[in-house]
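Just below is one structure, and these are the notes that go with it.
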Amino acid sequence: MSKGLPETRTDAAMSELVPEPRPKPAVPMKPVSINPNLLGYIGIDTIIEQMRKKTMKTGFDFNIMVVGQSGLGKSTLVNTLFKSQVSRKASSWNREEKIPKTVEIKAIGHVIEEGGVKMKLTVIDTPGFGDQINNENCWEPIEKYINEQYEKFLKEEVNIARKKRIPDTRVHCCLYFISPTGHSLRPLDLEFMKHLSKVVNIIPVIAKADTMTLEEKSEFKQRVRKELEVNGIEFYPQKEFDEDLEDKTENDKIRQESMPFAVVGSDKEYQVNGKRVLGRKTPWGIIEVENLNHCEFALLRDFVIRTHLQDLKEVTHNIHYETYRAKRLNDNGGLPPGEGLLGTVLPPGPATPCPTAE
Amino acid sequence: MDKEYVGFAALPNQLHRKSVKKGFDFTLMVAGESGLGKSTLINSLFLTNLYEDRQVPEARARLTQTLTIERRGVEIEEGGIKVKLTLVDTPGFGDSVDCSDCWLPVVRFIEEQFEQYLRDESGLNRKNIQDSRVHCCLYFISPFGRGLRPLDVAFLRAVHEKANIIPVIGKADALMPKETQALKQKIREQLQEEDINIYQFPDCDSDEDEDFKRQDAEMKESIPFAVVGSCEVVRDGGTRPVRGRRYSWGTVEVENPHHCDFLNLRRMLVQTHLQDLKEVTHDLLYEGYRARCLQSLARPGARDRASRSKLSRQSATDIPLPMLPLADAEKLIREKDEELRRMQEMLEKMQAQMQQSQAQGEQSDAL
């Protein structure tokens, strides 16, 4: 399935050069010969630099959701990932802290800057997930939230007078925290991922991995991968969206060997071999968060931020969002939403001026 | 012959010899969600491999699994003493998406053992009563949470008056020392808030030496015990072999008191309080069950919970004779029970008389 779709205006503002779709040409193209008299350098390749400058000026949005039982280190991990206090830890022992009775959705935004590039990061926390005695359907508020963001975007897109840059609150990435039991996935994990892998990019993560030895880790990961496969759960990067062979080999390696990443998070620094490192100090040793021999945090960070950040956004926009949009339009009889809302998925959003059929 | 030496100081030895010959029964229940290291800990505690053939079902199978109760028995011998240890396991607890009432099978199991014992005790042939009552319940709390979860609280409240609960934090090597302390503190607070009565280790006698008292106090302070289990022996770079878990950043030693409370748990559970656990089960928990049971038979609907302070049986005169729908065997049981009570009363009277005559005797001596 070709991922490239006609660029929307929002894409242009925020993304690097997206390759145009390569449809099979109706007529084979004649090879164009370059006039050998035209020597020298044209300068087309500076487009990359121009895009980069634009990105730096406008900055970009990234929305990451964390899901998992309380106490699995979600907030700490996000803070470690982005090297700043972007997620408020609810783990202060002194405060009276009640587990919410239903799953709450808390979105907190921060602007982080690095190397001249500004990122508006939104961390969406889901306290209460999986903490009750009866956790049936506790994923529903989460699914609802995700669809609401698609709906918001859709409404903006469908407006006659559109904003130059539609604010993107869609969830680009959902980190799902698996408890390091060492046995297998829990039924709740399966249920959540089954329901949500179709609407959002899920990256499963093994939390608090410092309780497993190397053998236990690798066995557990194998078992989890197998269980996900057997249950037809496609986590990000999804096989069907690999664009070319290069992507496929790279992603295959990640899918079959590295994921789910077994991570440890920390916001405390310790002195190890003369360096200050983030870690956890125990009587039997110091666990270094960024040491690949200790845990796979660095792999997760590189994966999410340094190599696949843009791809996460693209898959969200081009696949998940489009799926949602198609469904909404179909439900509405091909009409844009706002006219005779029949959407079975969501409650109606705020009233928008009813656009006529486009 | 020394007229002041009667010789019953040798009684403890006689008891000891008898119990050594008889052997020792103990039933330990282990509960808590899966993946907290319960089986490994049991194997570590008793140096056995009780869970060798265990199959952990995968998540899809557990979607519809109900809680089962499994019993495993093992005979351990040490220093000439035989212990018949029965382990009660609760696989499936806390696994499902909907865990409502998942503790009920456990409660029912414990009460069934009480009921069985009550029947045996009231029966005709009481020579070989098998004591299958649960003497202790090790409840495993997750180190990944922030204290007791709602499910933990529900389980503990359902079970605390029926079995001796010793709370334990499993896989404690997930925590740094400060985190362990904070978690223990939080759990203790929650236990108090929720009015959950865990097993109280008895105070040591006042005539013990200071060292022992201090040790005892330290051990009590470390409840809930933060434990790590392992059955693997690790040779850590040339030093002596230890039982532990080897990580890339170091090795956790199971028997190192600075690493975890395994030694404390083993000492308190196995080495010093095994007998007390049995006694509390019999004198308090079982009696409570028995009183409730008999009273509810006598006055259906009226429940009177034996309070913690009342260690003695309610005297026979307080409980009106229970009326039972009868099979003949039941009738016989009731009659025997009555006889028992009458005999008990007689015994008490005799004891009272003896004491009186002793007192009189002393008086006359003094005079």
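All chains are named by letter (A, B, ...) in the order of the sequence lines, taking the proteins before the strands, and each is independently numbered beginning at 1.
Heavy atoms of B/Ala174 lying under 4.5 Å from chain A belong to its backbone as well as its side chain. With a 4.5 angstrom heavy-atom cutoff, A/Asp210 touches chain B via backbone and side-chain atoms both. Using a 4.5 Å cut-off between heavy atoms, A/Val230 contacts chain B through both its backbone and its side chain. In this structure, the portions of A/Ile287 lying under 4.5 Å from any heavy atom of chain B include both its backbone and its side chain. Heavy atoms closer than 4.5 Å to chain A are found in the side chain of B/Glu33, but not in its backbone. At a 4.5 Å heavy-atom cutoff, the contact between A/Glu216 and chain B is made by side-chain atoms alone. Both the backbone and the side chain of A/Glu136 come within contact range of chain B, each with at least one heavy atom under 4.5 Å from a heavy atom of that chain.
Of the listed residues (A/Asn231, A/Thr282, A/Asn293), the greatest number of heavy-atom pairs within a distance under 4.5 Å of chain B belongs to A/Asn231. With respect to chain A, the highest number of heavy-atom pairs below 4.5 Å among B/Leu151, B/Val252, B/Leu36 belongs to B/Val252. With chain B as the partner, the residue from A/Gln132, A/Glu288, A/Arg223, A/Met212 showing the most heavy-atom pairs under 4.5 Å is A/Met212.
Note that the CD1 atom of A/Ile133 and the CG atom of B/Asp101 stand 8.5 Å from one another [nearest 0.5 Å].
Classification of the A/Phe129-A/Phe192 ring pair by plane angle, with boundaries at 30° and 60°, yields perpendicular.
Using a 4.0 Å cut-off between charged side-chain N and carboxylate O, B/Arg266 and B/Glu255 make a salt bridge.
The two residues B/Val159 and B/Ile110 make their nearest non-hydrogen contact at CG1-CD1, 3.8 Å.
A ring pair (Phe, Tyr, Trp, His ring centres under 6.0 Å) with B/Tyr139 is found for one member of B/Tyr199, B/Phe225, B/Trp103, B/Phe155 and no other, namely B/Phe155.
When the shell of 6.0 Å around NZ of A/Lys226 is examined, it contains 12 or fewer heavy atoms from other residues, nucleotides or ligands. In the displayed structure, A/Glu269 atom CD is contacted under 6.0 Å by more than 12 heavy atoms of other residues, nucleotides or ligands.
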